[in-house]
There are 2 protein chains.
Amino acid sequence: MEKKNPIPAEHNHQKTADFARSHLPNEDDLFELAELFKVFSDSTRIRVMCALSKTEMCVYDIAELLGASQSAVSHQLRLLRASHLVRTRRDGKNMFYALDDDHVDAIISMGLEHIRHTKGEKDNG
Amino acid sequence: MEKKNPIPAEHNHQKTADFARSHLPNEDDLFELAELFKVFSDSTRIRVMCALSKTEMCVYDIAELLGASQSAVSHQLRLLRASHLVRTRRDGKNMFYALDDDHVDAIISMGLEHIRHTKGEKDNG
DNA sequence: TGAACACATGAATGATTGTTCATATGTTGA
DNA sequence: TCAACATATGAACAATCATTCATGTGTTCA
């Protein structure tokens, strides 16, 4: 009486969806995760984070490093602050920015490993 | 003859910018990093990756899991494929998707750690 | 072959984003 | 207090993005 099924015998749509759903982060975490990775999704901001992982810098330094306007840099730094990825320290008229979290380096390193891994695939063999 | 400097004595704009620049990833990698993290910057795609880290799923399963249209899911999966984050396996009429890279879990875990860490800051005390 | 199913994709559209311009805030030295 | 400097921010605009709708491609079963 069983009818032939193109889906593997052990596969069941409902069970699969339910099982996966039960392992998802909650809505709040998902939203915040997306917000966090949004910060990493712009090469200008990645540049800033990579730079700050080596040394603290004032806004002027960062603008010079990037060849970007002070305003553009400041807007981007605002996002980094909002995500608790950088912290600031005032010194006279300057604001010095530094990384505020070890995860930044880890996330960027993982990303680099991934893209280098995929590049290897193309040439491999 | 030295004039008082509001910048810390050891701080030099040019040197700081040059030092940071010398440690940045190259342009291609920066671009690809941004592209990669763009994929992580949408909670729908994060949901898909989290789900696929537990079990392979066909498009129908994923659409049901997300409560999204088949077309929307398919468009998103295209991005995941383009970034080499998922691989596909055809079984009859179905395409089964699975994670193609351990870095996905690692990156999402780092992200979760970060947001939980920052939440701790608020309540900590 | 043709109908039904599963998935992919192009075009269009409303929403979001990064930058610029103009201006505001905060600090220093006089 | 004021001028000069360093940074922050609001509004506006072009570019990019996620979804929808319509349709195309590939597979199975009869």
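Lettering of chains follows the sequences in order, A, B, ..., and the numbering in each one begins at 1.
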Item checked: Geometric class of the Y60(B)/H13(A) ring pair [parallel <30°, tilted 30-60°, perpendicular >60°] -> tilted

Check: For D102(A), does the CG atom have more than 12 heavy-atom neighbours from other residues, nucleotides or ligands under 6.0 Å away?
Finding: no

Checklist line | Shortest non-hydrogen contact between S83(A) and V39(A), atoms and distance | finding: OG-CG2, 3.3 Å

Item checked: Side chain of A72(B) (C-beta onward), nearest among dT19(D), dG26(D), dC21(C) -> dT19(D)

Check: Quick one, which residues of residues 41-55 of chain B touch DNA chain D with a heavy atom under 4.0 Å?
Finding: D42(B), T44(B), R45(B)

Checklist line | Under-4.0 Å side-chain N/O to phosphate OP1/OP2 contact, N94(A) with dT7(D) | finding: yes

Checklist line | Residue mapping more 5' on DNA chain D - nearest nucleotide basis, L79(B) or S71(B) | finding: L79(B)

Checklist line | Nearest listed nucleotide, side chain of S74(B), among dA6(D), dT19(C), dT9(C) | finding: dT9(C)

Check: When the distance from OH of Y60(B) to C1' of dA6(C) is rounded to whole Å, what number comes out?
Finding: 11 Å

Notebook entry, point to check: Considering only dA18(D), dT27(C), dT7(D), which nucleotide approaches the side chain of R90(A) most closely?
Noted result: dT27(C)

Note to self: With a 4.5 Å cut-off on side-chain heavy atoms, are F40(A) and V104(A) touching?
What the structure shows: yes

Notebook entry, point to check: Which whole-number value in Å describes the distance from K93(A) NZ to dA4(D) P?
Noted result: 11 Å

Next item on the list: Check whether the side chains of D101(A) and H114(B) place a donor and an acceptor atom closer than 3.5 Å, and report yes or no.
Entry: yes

Check: What is the distance, rounded to the nearest whole Å, between atom CZ of R89(A) and atom P of dA6(D)?
Finding: 16 Å

Next item on the list: Figure out the CG/C1' separation between L66(B) and dA18(D), and round it to whole Å.
Entry: 13 Å

Next item on the list: Return the value, rounded to whole Å, for the distance between atom CE of M95(A) and atom P of dT27(C).
Entry: 9 Å

Item checked: For atom CZ of R78(B) and atom P of dA18(D), their distance in whole Å -> 13 Å

Check: Taking the six-membered ring for Trp, does H75(A) stack with dT9(D) (centroid gap under 5.5 Å, planes within less than 30°)?
Finding: yes

Notebook entry, point to check: Parallel, tilted or perpendicular: which fits the ring planes of F37(B) and F37(A), with parallel below 30° and perpendicular above 60°?
Noted result: parallel

Check: How many Å lie between CD on Q70(B) and P on dG10(C), as a whole number?
Finding: 14 Å

Margin query: What is the separation between atom CZ on F31(A) and atom C1' on dA18(D), rounded to the nearest whole Å?
Written below: 15 Å

Note to self: For a quick check under 3.5 Å, do S74(B) and R78(B) share a side-chain donor-acceptor pair by atom type?
What the structure shows: no

